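Computed over heavy atoms, backbone and side chain alike; hydrogens, waters and symmetry mates excluded. Since we're looking at a predicted model, the values are computed, not measured. Every chain is numbered from 1 and lettered A, B, ... according to where its sequence line falls, protein lines coming before strand lines.
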Amino acid sequence: MKERISLEHGEGGELTHRLIRELFVEHFGHHDQARLDAALLTLPAGKIAYTTDTFVVSPPFFQGGNIGKIAVAGTVNDLAVSGAHPLYITCGYIIEEGFPLDALRTIVETMAEEAKKSGVRIVGGDTKVVEKGSADGIFINTAGIGVIPPGEELHPEEMEEGDAVIVSGTVGDHGVAILAARGELGITTEMKSDCTSLYPLISNVRKASQGIRMMRDPTRGGLATTLVEICEDFHVTMEIEENAIPVKREVSGACDILGLDPLYLANEGKVILIVRKGEEEKVLQALRETEEGREAALIGRVTRRGEGKLFLRMPLGSTRRIYRLSGMQLPRIC
Amino acid sequence: MEPILKEVQDAGLGQSLLREVIRLADRFKEKYGHPPAYMEVCGSHTHALARTGIKRALKDHVRLISGPGCPVCVTDQKTIDAMIALTEGENRIICTFGDMLRIPGSKGSLLKAKTEGKDIRVVYSPSDSVRIAKENPDNEVIFLGVGFETTIPVLGIALKEAWEDGVKNFSMWVTTKLVEPVVRYLLDSGEAKLDGFLLPGHVSVVLGKNQYSYLVDEYGVPGVISGFEMNEMLSSIYLLIELGLKEEAKIINNYKSVVKDEGNPQALTIMETFFTPNDEAWRGIGVIPKSGLDIREEYRSLNAKIRFPVTVGEPIKTKCRCGEIIRGLVGPEDCPLFGKACTPMKPIGPCMVSSEGSCSAHYKYLRE
């Protein structure tokens with residue numbers, strides 16, 4: 001019979017001990033830290049970047065990844081887009097009683113693998129098991145620490161007219177992959193989530209150009225909401241071109257059918273870069289050298305300082321203002 | 001597929017089409033003393049005209065009027081109250097399309113009922129609710145079936161599945177609407193002065209081109225069946241103006257790749273098998289005889305209205321002008337609540353809730 005997580009796995013006794021030793025410590029390789037109540041870390045000089053995020057993906061497995069991959073990639077990405085070199089991650093699990101142990105093992109293996117891509121170490125964690133019905137399979141919280149060495153800080157406040165707005169690839173892939181995995185599309189699609197750690201890509205781009213003013217990963221709320229936030233937070237007005245935004249045919253097709261807007265769909269492996277005017281070609285070239293950045297595109301410009309509005313230029317030539325997503329995107333009737 | 005898609009989305013072609021539409025519309029105005037006025041009956045057109053920028057680009061040249069084509073927007077307040085009241089029964093799972101969740105009733109909304117612990121699930125297809133019924137034999141699963149001719153066959157398929165599989169704990173609360181009776185109502189009332197109709201692509205896939213002959217034969221009004229891509233809509237508007245200038249009333253099928261003269265016989269058969277015409281109440285209009293379909297008597301065990309009757313009082317009146325908006329009498333910005341008390345986050349009227357509603361399209365795409 002398939003082995004499942006039981007309440008005893010969370011009671012702190014023998015089963016908990018085995019789970020930690022044989023699964024988490026084994027895959028994450030943090031033997032030294034596991035002997036103490038806290039991980040003792042050495043940090044190089046620089047500004048510390050520290051972030052936390054909680055992952056409640058339903059279903060936990062989907063085309064292109066699983067909740068563990070997102071949990072590591074998401075935290076690595078939050079550090080990387082802040083300009084930091086990600087160093088350490090901790091993870092807390094809330095597991096529903098009855099969750100298959102094999103599935104947990106796969107999630108943990110994926111996390112270890114994903115961490116290796118960016119050279120981050122998973123140095124600690126926590127496990128809680130809750131009664132059946134109290135959670136949706138598995139929830140993961142991760143926290144990450146990274147360092148921004150002196151001189152490598154980003155300066156978003158210096159954004160100015162003419163700066164380029166670049167996206168590292170097609171938008172909406174993750175949103176559609178999740179809808180498909182939930183069986184909510186009513187159509188079959190092989191659409192894979194773009195979920196990945198962006199640190200290697202970002203390192204490559206930063207080596208190629210000193211002109212990156214700021215970066216954000218457009219996760220929940222998608223490209224549109226993320227850009228609106230940048231405009232409002234840093235008081236710049238931007239104009240983006242609808243025709244220049246890369247969207248996969250499968251994604252635009254699914255959106256047409258369901259009445260969703262790909263610009264508001266979640267991404268888990270894309271970065272938006274605001275780049276000093278004149279540096280855009282270097283950045284695009286460095287992005288396109290990598291697999292994840294092959295479809296990178298220049299999608300617009302900062303048009304002026306002040307106001308903090310985002311505009312979309314439509315194919316007919318006129319522009320309209322873009323706002324952040326109001327509530328949830330809900331599928332339409334016909 | 002690729003070349004067609006490129007053509008309907010091609011920006012260069014769109015810009016030259018736009019120039020031609022404006023040139024023709026201005027000639028129309030010269031000839032008749034007013035700009036041409038067309039009603040799009042379909043909510044998806046309302047949405048697409050705003051999203052692509054066509055509505056804004058034609059603002060001073062062509063009046064594009066949103067009609068009663070969004071199924072959520074035309075649902076009567078009392079019906080919405082009844083649907084929300086339906087959630088109060090024990091052991092019920094209410095399944096619905098996403099658009100319905102936030103529609104405010106006199107007391108809360110389905111979303112509010114959901115947050116209060118009622119089992120309300122958003123499904124993308126009515127057949128999913130039959131599956132949910134099979135998986136939950138101890139619960140009564142009720143699907144809220146709202147929609148026009150585009151959706152009715154899909155509701156029929158779910159009823160067919162439930163009937164053939166003998167699913168006893170499934171039923172449907174149907175409040176569907178038909179295009180022809182409401183178009184006739186609008187033309188008979190003469191309230192909105194129209195020079196033609198941008199006819200709905202999706203509905204026409206089911207019903208076919210031939211069913212619009214009444215527009216020409218009885219009212220002398222032209223219509224063009226249109227797809228939803230930018231250039232499809234622009235070319236359809238162009239054709240409408242051209243018909244007006246030639247003083248010719250006829251129906252043009254400008255969506256030939258999917259709309260046939262006779263429609264979709266399988267969809268029509270399933271509609272005929274499971275549904276029968278009934279008098280439906282339309283928001284802002286009232287009851288229009290035989291303007292909707294309900295489940296046929298022989299399938300009464302699948303009819304939630306019969307199995308779970310609910311009584312609701314008269315709805316609370318608000319200043320919302322959705323009723324006049326769907327009749328094409330006023331625009332969203334004429335409503336005192338628009339963008340102030342009524343926003344997509346806290347909608348007061350259904351035109352703001354539904355992604356196909358004219359207030360929602362206006363709020364999202366045309367707000368400065």
Audit row: B:E232, B:S226, side-chain hydrogen bond (donor to acceptor under 3.5 Å, both in side chains) steps and yes/no = CA-CA 6 Å; B:E232 289 175 326; B:S226 181; 5.8 Å; no
Distance-only donor-acceptor check, side chains [X] and [Y], under 3.5 Å:
X	Y	result
B:T150	B:H202	no
B:S127	B:E161	yes
B:E280	B:T175	yes
B:E40	B:S66	yes

Contacts of residues 216-243 of chain A with chain B (heavy atom under 4.5 Å) =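 Within residues 216-243 of chain A, the residues that come under 4.5 Å of chain B (heavy atoms only) are A:E242, A:N243.
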ask   = Which bit of B:L17 comes within less than 4.5 Å of chain A, counting heavy atoms only: side chain, backbone, both or neither?
value =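 No part of B:L17 comes within 4.5 Å of chain A.
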request  = Could I get the full list of side chain to side chain contact (heavy atoms under 4.5 Å, CB included) partners for B:N264, not counting sequence neighbours?
outcome  =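 In terms of side chain to side chain contact (heavy atoms under 4.5 Å, CB included), with neighbours along the sequence ignored, B:N264 is linked to B:Q266, B:A267.
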